[in-house]
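Worksheet: one structure, shown below.
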Protein chains: 2
Amino acid sequence: MVSKKYIIRLCRYRNVLYRLKSMGFMRVVSNNLADATDVTALQVRKDFSLAGITGNKKGGYRVDELIEKLNQILGKNEIQKVILVGVGKIGIALMYYKGFEEEGIKIEAAFDIDPQKYGKQKDIPVLPLERLRDFVKTNNIKTGIITVPDMAAQQVFNLMISSGIKGVLNFAPIKLRSTPDIVINNVNLVMELENLIYFVNTGERNKGEIL
Amino acid sequence: MVSKKYIIRLCRYRNVLYRLKSMGFMRVVSNNLADATDVTALQVRKDFSLAGITGNKKGGYRVDELIEKLNQILGKNEIQKVILVGVGKIGIALMYYKGFEEEGIKIEAAFDIDPQKYGKQKDIPVLPLERLRDFVKTNNIKTGIITVPDMAAQQVFNLMISSGIKGVLNFAPIKLRSTPDIVINNVNLVMELENLIYFVNTGERNKGEIL
DNA sequence: GTATTTTTGTGAAAAAAATCACATATATAT
DNA sequence: ATATATATGTGATTTTTTTCACAAAAATAC
């Protein structure tokens, strides 16, 4: 059983590794990864050790090997298909966000209840919410993003789950009622700021990463 | 010394409490808060105990009192002033995001290097980046949001810090080089999704909240 | 007014996560 | 070839966080 924190660290390592690779690096030491990811070198080595990834005493790790191993664990070979519901400002920002496709994540379609929104954003079709169920089933989508107002979030969530979606990234600042087999990640922008402001105002050192 | 996780939980409690209050609730039991915030009732009570907040055996806690105590700890009396740099899609989404003002957070100004962006978004002035230092000093801003492309993030961050900003909410998926007296919260949207997809694909239960 | 139920409150215990200490391998220099 | 410096790797330890177990208070029922 792995913890979320652990998986996030592995994702981070991989991201950095891809960048290193594109820069021509062949090898990397735990210290490099530590510098780039906000964890200690020891933690990096421990994580790799736990993941069954083994390096080379002196000379560190081979970048290629590392990436392959991480991909094996994190499972990132094919394009990851995602849908989005709620074509407001945040939804649109996400649809145009370049970071996703760079990492092999593709928003296949977006949904809304407002007919004015129907059409396309970038190259992503915006469809009526009624078509969600069909689309998810036909395209075997497993992951959804919720960027609707608070009041609508639970309802949209229920629709997603009943259509076959297994994981949701939720931007509405409410706790979604769900079952244990569904994975939910919440992004609460207000809370991020409030928390930041707390530490700024108190002048306290903060310990521990949010992510 | 308090941990970030702890503070985030307190923020969550407070948010729920405000909503309960607006619904007319006078009292609340730890179980209610647990339901609404994704923590156990025991954790709620332990947190309150640690915070020196004391309730009433049977009958739970008084909502008003709770909010006041939490405000005392989290410090939320006056409007929190914030600036934003990077008036792209995400930046604009944040500028129009209603959740902030509801919680007393006000984006006082936004900055960009692109003259086409200058003017206003909603009621927020968009100014040239060169005016950031002055603005921050004059208005005694302590908190900033970074929504610029990766390449520019570190530079913008340095400018912010040298102008007197103490806390940064960073949307660029890079690790900002900083000193321990500066607080940084990172929001990495790709990582949120990647992580979600991992748990969806492996079918593993995830344990532990990201936030 | 006594018993019963509900709910808080907290020291102790358990679990989880991070760090330490040190053994071990390997490249490089001499 | 030998010594030296650099990194990994992991069992043990420490620290942090969460949960348990149960005591105590207050409301309600009888």
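Below, chain A is the first sequence line, B the second, and so on; all start at residue 1.
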Q. Does a side-chain heavy-atom distance below 4.5 Å link Leu193(B) with Val190(B)?
A.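 A side-chain contact is absent here, since even the closest heavy-atom pair is not under 4.5 Å.
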**Q.** 4.5 Å side-chain heavy-atom contact, Asn56(B) and Arg62(B)
**A.**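 No. Closest side-chain heavy atoms not under 4.5 Å.
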Q. In residues 39-50 of chain B, what residues come within less than 4.0 Å of DNA chain C, judged by heavy atoms?
A.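 Heavy-atom contacts with DNA chain C come from Leu42(B), Arg45(B), Lys46(B), Ser49(B).
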Q) Say you draw a straight line from CG of Leu132(B) to CG of Leu159(B); how long is it, rounded to the nearest 0.5 Å? A) 4.5 Å
Q) Say you draw a straight line from CG of Asp64(B) to CG of Leu20(B); how long is it, rounded to the nearest 0.5 Å? A)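 If we round to the nearest 0.5 Å, Asp64(B):CG and Leu20(B):CG are 11.5 Å apart.
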Between [atom2] of [N] and [atom1] of [X], the distance in whole Å:
| X | N | atom1 | atom2 | value |
| --- | --- | --- | --- | --- |
| Leu33(B) | dT7(C) | CG | C1' | 13 Å |
| Met26(B) | dA27(D) | CE | P | 15 Å |
| Ile8(A) | dA17(C) | CD1 | P | 12 Å |

Q. Nearest heavy-atom pair of Asn170(B) and Ile174(B): which atoms, and what distance?
A.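 For Asn170(B) and Ile174(B), the tightest heavy-atom pair comes out as ND2-O, 3.4 Å.
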Q: For DNA chain D, find the residues of residues 53-69 of chain B with a heavy-atom distance under 4.0 Å and give them by number; none if there aren't any.
A: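 Those residues whose heavy atoms fall under 4.0 Å from DNA chain D, taken from residues 53-69 of chain B in numerical order, are Asn56(B), Lys57(B), Lys58(B).
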Q | Any donor-acceptor N/O pair, Thr147(A) side chain to Gly86(A) backbone, under 3.5 Å | A | yes
**Q.** Any donor-acceptor pair under 3.5 Å from Asn195(A) side chain to Glu192(A) backbone
**A.** no
Q. What is the nucleic acid contact for Arg27(A), judged by heavy atoms within less than 4.0 Å: base, sugar-phosphate only, or nothing?
A.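 Touches nothing.
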Q. Near Leu42(A) CG, under 6.0 Å, is it more than 12 heavy atoms from other residues, nucleotides or ligands?
A.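 Count over threshold, so yes.
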Q. Which nucleotide in the set dA17(C), dT18(D), dT8(C) lies at the smallest distance from any side-chain heavy atom of Lys5(B)?
A.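 For Lys5(B), the side-chain atoms sit closest to dT18(D).
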(Q) Between Ser30(A) and dT8(D), is there a contact of a side-chain N or O with OP1 or OP2 at under 4.0 Å? (A)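 Checking Ser30(A) against dT8(D): at least one side-chain N or O falls below 4.0 Å of OP1 or OP2.
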